[in-house]
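Note that the numbering runs from 1 along the sequence shown for the chain.
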Amino acid sequence: MKEKAKDIKAREYRSVTQVAGPLMIVEGVEEVAYAELVYIRTPEGGNRMGQVLESQENVAVVQVFEGTRGLDTEQTRVRFSGDIMRISLSKEILGRSFDGLGRPIDGGPEIIPEARLPITGAAINPTARAYPNEFIQTGVSTIDGMNTLVRGQKLPIFSGSGLPHNELAAQIARQAKVLGSEEPFSVIFAGMGITHEEANFFMNSFESTGALERIVSFINLADDPAIERIITPRMALTAAEFLAFDYNTHVLVILTDMTNYCEALREISSAREEVPGRRGYPGYMYTDLASNYERAGRIRGKKGSITQMPILSMPDDDITHPVPDLTGYITEGQFVLSRELHRKGVYPPVDVLPSLSRLMNEGIGEGRTRADHLGVSDQCYSAYAEGRDVRSLVAVVGEEALSERDRLNLRFADIFEERFVNQGADENRTIEQTLDLGWELLSMLPAGELKRIDEKYIKQYYKKGSQVKAGEQ
């Protein structure tokens, strides 16, 4: 039986009966399994790779990673490997760049593997998960102060076309660290369908700041085959699992752009003539996204962890679009970038009102950030929300009709955006600087208005008579 199995896997098939989009149908096959790796010989003698997408009796549907251009039904030859897709990994991947299929693109040598791991990964047993409760400092006040990122969390950035989500992602990748931890910190960056300009921006940004040596990049460019985008995040997450759980590393995984990933899913679904779901996306998109997002987390007894920051651009800035909508169900909150703030010249244009980190309370407070953190965050949120409401009211009744309290909240909202939200693309604020800045702004308000902060912290940090002016830095 073993000899027979070996013979079958050594067999080349010339029974390609159909080529459609990124898919190829091979008939007359034996013992072919779902997700099996496929080697394809083109009519010109070139080599491509694919993966079994569907296996039925004597028929296999293969998705071709490099695209099906040039393939025909007469001379194309196919061999099934008998194994699923794997990636070669070692500690030497740090500082290296790979394409969407895990092949080096930085001119460096092939990785000599310590392990060859399946890119599907292994689901973390829920009972083995450790609860995320350790603060990650990104150096960005709207994140650290208002929507804190916690080690092991998955927290996406909801953006729009033309907004600076790439700049924010690069800044987080350069600056992020776990305070008070001795374990190494690494960043895995996966770009899906990004332009050459965007890829060069990320690489130059990492290299110029010396952060490249702790970053691993997987780049699928916009002119690369769309089908490759399905593999890229799985390559990145498998590398993250290796560093986190074999080398006790804190790993931050940045995935951009998940909308491009979902477009690739839709293309495959359309080629398979599946019944479409919302806006043409496949009905299984929720499950597929979850298979990527749920690979974040911590495991009891392991020092390492995987934290995810997926980035997705919302078509027409529509937060109800299927991609952000389903992502929001799976992840623990979101950062929402605001076009209005971007037009004002505010960077990063994070709108703190619709943004949310559901695990924030677990990662802040005494021993993690500072004892007054939650109160400062809640009070800033409350005062800013009131100021935004007053701003809308001014458009109707004019500023002359406002009460003194309304004018104060309106001024707070303006200065909060100019001083707290706005910061330099290379400005790395500590959590103490962020909280001190919060107190400086809150001290504009009467102490009696600070109802969301414990009295003892008001006595300790409130700066009586503070006269913060718009435009001050």
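Under the 3.5 Å distance criterion, with hydrogens and angles disregarded, no donor-acceptor pair is assigned to the side chains of Thr127 and Arg300. For Asp83 and Ser81, the side-chain atoms include no donor-acceptor pair closer than 3.5 Å. Side chain to side chain, Tyr13 and Glu30 fail the donor-acceptor criterion of an N or O pair below 3.5 Å. There is no side-chain donor-acceptor pair under 3.5 Å between Asn260 and Arg229. Between the side chains of Arg214 and Ser186, no donor-acceptor pair of N or O atoms lies under 3.5 Å.
Evaluated for a side chain to side chain contact (heavy atoms under 4.5 Å, CB included) with Phe158, the options Leu337, Ile311, Thr327 yield exactly one hit, Thr327.
To the nearest 0.5 Å, the span separating CD1 on Ile194 from CG on Asp257 amounts to 9.5 Å.
When all heavy atoms of Leu23 and Ala271 are compared, the pair lying nearest together is CD1-CB, 3.7 Å. For the residue pair Arg295 and Ile119, the shortest heavy atom distance occurs at NH1-O, 2.9 Å.
Look at Glu417 and Lys344 and you find a salt bridge, because one of the NZ, NE, NH1 or NH2 atoms lies within 4.0 Å of a carboxylate O, short of that distance. The residues Arg234 and Asp288 are annotated as salt-bridged, a charged nitrogen and a carboxylate oxygen being separated by less than 4.0 angstrom. Glu54 has a carboxylate O that lies under 4.0 Å from a charged side-chain N of Arg272, or vice versa, which qualifies the two as a salt bridge. Of the charged side-chain nitrogens involved, at least one lies within less than 4.0 Å of a carboxylate oxygen, so that Glu263 and Arg266 count as a salt-bridged pair.
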Problem set entry | Candidate pair Glu12 and Tyr39, rule side chain to side chain donor-acceptor pair (under 3.5 Å), full reasoning | CA-CA 9 Å; Glu12 276 193 343; Tyr39 298 106; over 6 Å; no

For this session: Give the C-alpha distance, both sets of side-chain angles, the deciding distance and a yes or no for salt bridge (charged side-chain N to carboxylate O under 4.0 Å, His left out) between Arg429 and Asp144.
Result: CA-CA 9 Å; Arg429 295 177 183 168; Asp144 296 347; over 6 Å; no

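Glu340 CD: 12 or fewer foreign heavy atoms inside a 6.0 Å radius. Other residues, nucleotides and ligands place no more than 12 heavy atoms under 6.0 Å from the OH atom of Tyr329. Enclosure of atom CZ in Arg69 is not indicated, since only 12 or fewer non-hydrogen atoms of other residues, nucleotides or ligands lie within 6.0 angstrom.
Between Asp426 and Gln175, the closest side-chain pair of non-hydrogen atoms is not below 4.5 Å.
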